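Predicted model only: the values in this text are computed from it and were never measured. Ligands are counted one by one from 1 in listed order, and the atoms in each one are counted from 1 as well.
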Amino acid sequence: MVFDLHSHTTASDGALAPRELLARARAHGVTCLAITDHDTVDAYLNLTDSGDAGISLCHGIELSANWHGRSVHIVGLNLRLQCDGLHTALAAQQQSRLQRAEVIAKRLSQKGIKDALAGARAFAGNGMIGRPHFARFLVASGKVRDEQQAFRRYLGSGKAGDVQSGWPPVATVTSWIRESGGTAVLAHPAQYKMTNAKLGSLADEFVQAGGTAVEVVSGKQAPELTRRLADLANAKQLLASSGSDFHRPGQAWSELGQQSALPGDVKPVWDAW
Ligand code: AMP
Ligand code: MN
Ligand code: MN
Ligand code: MN
C-alpha cells in the first residue's frame with residue numbers, strides 16, 4: 001500500500017477538483033488517499049470509493065486550532081462523515097474563517113490594498129476562504145511578485161494579514177475528531193518552528209485530549225527532521241502518519257504519494273486500521 005494521508009482540493013486552498021486529485025494520486029501510485037481540506041469535508045460530497053477502482057479513500061480533514069495563541073493544525077482521519085456533531089462544529093469553524101477573512105481584508109485596506117475580500121473570494125470560489133486566496137489576489141493585482149512574497153509581506157507570521165482568529169483550543173478540535181470516530185493527528189510539527197521542549201508540551205496536551213498520531217513525514221523532508229519527529233512520536237507514544245500536504249502540481253517537495261519514507265522504528269497509523 002502507498003499511503004498519502006494529507007492533501008487538498010478546491011474545497012479549500014488546493015488547485016485540483018476532488019476527481020482531478022484522485023486521478024493524479026492514482027497516477028502517482030497512491031493506493032490510499034486522505035483528502036484533508038481546511039475545515040471542510042465538502043470534497044467528499046460527490047466522491048465514493050466505488051467509482052475509483054485502484055485507490056481507497058480515507059475520509060479526512062485538516063482543522064485549525066489554537067494553542068496558547070498560536071495556530072496549529074490537527075488532521076482527522078477515518079471520520080464518520082454523517083456525524084451531526086461534526087457538521088455543527090464545522091459550521092462554527094467556517095463562520096470563523098469568514099469572520100477572519102473580513103478582518104484580514106480590513107487590515108489590508110489599512111495598508112492601502114482595497115477590495116481584498118472580493119478579490120480573495122473570487123479565488124476561493126465555493127471553497128473555504130483562506131490566506132492563500134488573499135495571496136493569489138495580491139499577485140493578480142500586482143502588489144507582489146508571487147505568493148511567497150505575499151506571505152512574507154502581508155500574510156505570514158507577524159504581518160498585517162496574520163490574524164489570530166478565534167480558532168478553538170487543540171483539546172476541543174481533537175474531541176470533535178474523536179466524537180466523529182476519527183483518529184486525530186498533529187499535523188506537520190516542523191511548521192510551528194517550536195523548540196523540542198515546546199513541541200513536547202504541545203504533544204502532551206494533544207495526547208491528554210485524545211490525540212493518537214503525529215505527522216512524522218510531511219512531503220519530502222530532510223532525514224534529520226524525520227529522525228527528530230520519529231523520536232517525538234516514540235517519546236509520546238504517538239502513531240506515525242505520512243502525507244504530502246499536496247496543494248497543486250508543480251511543487252516537487254509535496255507531490256502526491258512522493259513523501260519521504262517513515263523510519264522503521266515508528267508505528268504507522270494505518271497499522272491499527
Ligand atoms: P489559512 O488556513 O487561511 O491560515 O492558510 C494557511 C495555508 O496557507 C496553509 O495551509 C498553506 O497552504 C498556506 N501557506 C502558509 N504559509 C505559506 C507561505 N509562507 N507561503 C505559501 N503558502 C503558505
Ligand atoms: Mn493549505
Ligand atoms: Mn496545515
Ligand atoms: Mn494541509
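Below 4.0 Å from some heavy atom of Q148 lie the following atoms of ligand 1, by number and element: 19 (N), 20 (N), 21 (C). The ligand atoms of ligand 1 that sit less than 4.0 angstrom from a heavy atom of H247 are 10 (O), 12 (O). Shown in contact with G130 at under 4.0 Å from a heavy atom are these atoms of ligand 1, numbered in order with element: 3 (O).
When only non-hydrogen protein atoms are considered, atom 6 (C) of ligand 1 lies nearest to R131 NH2, 3.7 Å. Nearest protein heavy-atom neighbour of atom 22 (N) of ligand 1: F151 CE1, 3.3 Å.
Remark: aromatic rings of H8 and F246 are distant, center separation not under 6.0 Å.
H38 lies apart from the Mn ion (ligand 3) in this respect, since none of its N, O or S atoms is found at a distance under 2.8 Å. Under 2.8 Å from the Mn ion (ligand 4) lies no N/O/S atom of H247, from backbone or side chain alike. Residue E62 counts as close to the Mn ion (ligand 3), with an N, O or S atom under 2.8 Å. Among the backbone and side-chain atoms of H6, no N/O/S atom is found under 2.8 Å from the Mn ion (ligand 3). When distances to the Mn ion (ligand 4) are checked against a cut-off of 2.8 Å, H8 contributes an N, O or S atom below that limit.
Salt bridge annotation for K220-E255: absent, with no cationic side-chain nitrogen under 4.0 angstrom from a carboxylate oxygen. Remark: E179 does not engage R80 in a salt bridge, criterion side-chain N to carboxylate O under 4.0 Å. Between D265 and R227 a salt bridge is recorded (basic side-chain N to carboxylate O distance below 4.0 Å).
The closest approach between R100 and ligand 1 falls below 4.0 Å for a heavy atom of the residue. Under a 4.0 angstrom heavy-atom cut-off, P132 registers as being in contact with ligand 1. Look at R97 and you'll find a heavy atom under 4.0 Å from some atom of ligand 1.
Between D13 and ligand 1, at least one pair of N/O atoms sits closer than 3.5 Å.
The residue from H73, Q94, Q93 that alone fulfils the side-chain hydrogen bond (donor to acceptor under 3.5 Å, both in side chains) condition with D39 is Q93.
No other N/O/S atom of D245 lies as close to the Mn ion (ligand 4) as OD1 does. Its N, O or S atom nearest to the Mn ion (ligand 3) is what matters here, and for H73 that atom is ND1.
Between W273 and F3, the angle of the ring planes goes over 60°, which puts this pair in the perpendicular group of the 30/60° scheme.
At a cut-off of 3.5 Å, with distance as the only test, a side-chain donor of E62 or H6 sits close to an acceptor on the other residue. N78 and T183 are not linked by any side-chain donor-acceptor pair at a separation below 3.5 angstrom, with hydrogens and angles left out of the test.
You'll find the side chain of D162 stays beyond 4.5 Å of the side chain of L155, heavy atoms only. At a threshold of 4.5 Å between non-hydrogen side-chain atoms, the residues L262 and T226 do not count as touching. Two residues are said to be in side-chain contact when any heavy atoms from C-beta on lie closer than 4.5 Å; T10 and L16 fail this criterion.
Under 4.0 angstrom from ligand 1, the non-hydrogen atoms of H38 all belong to its side chain.
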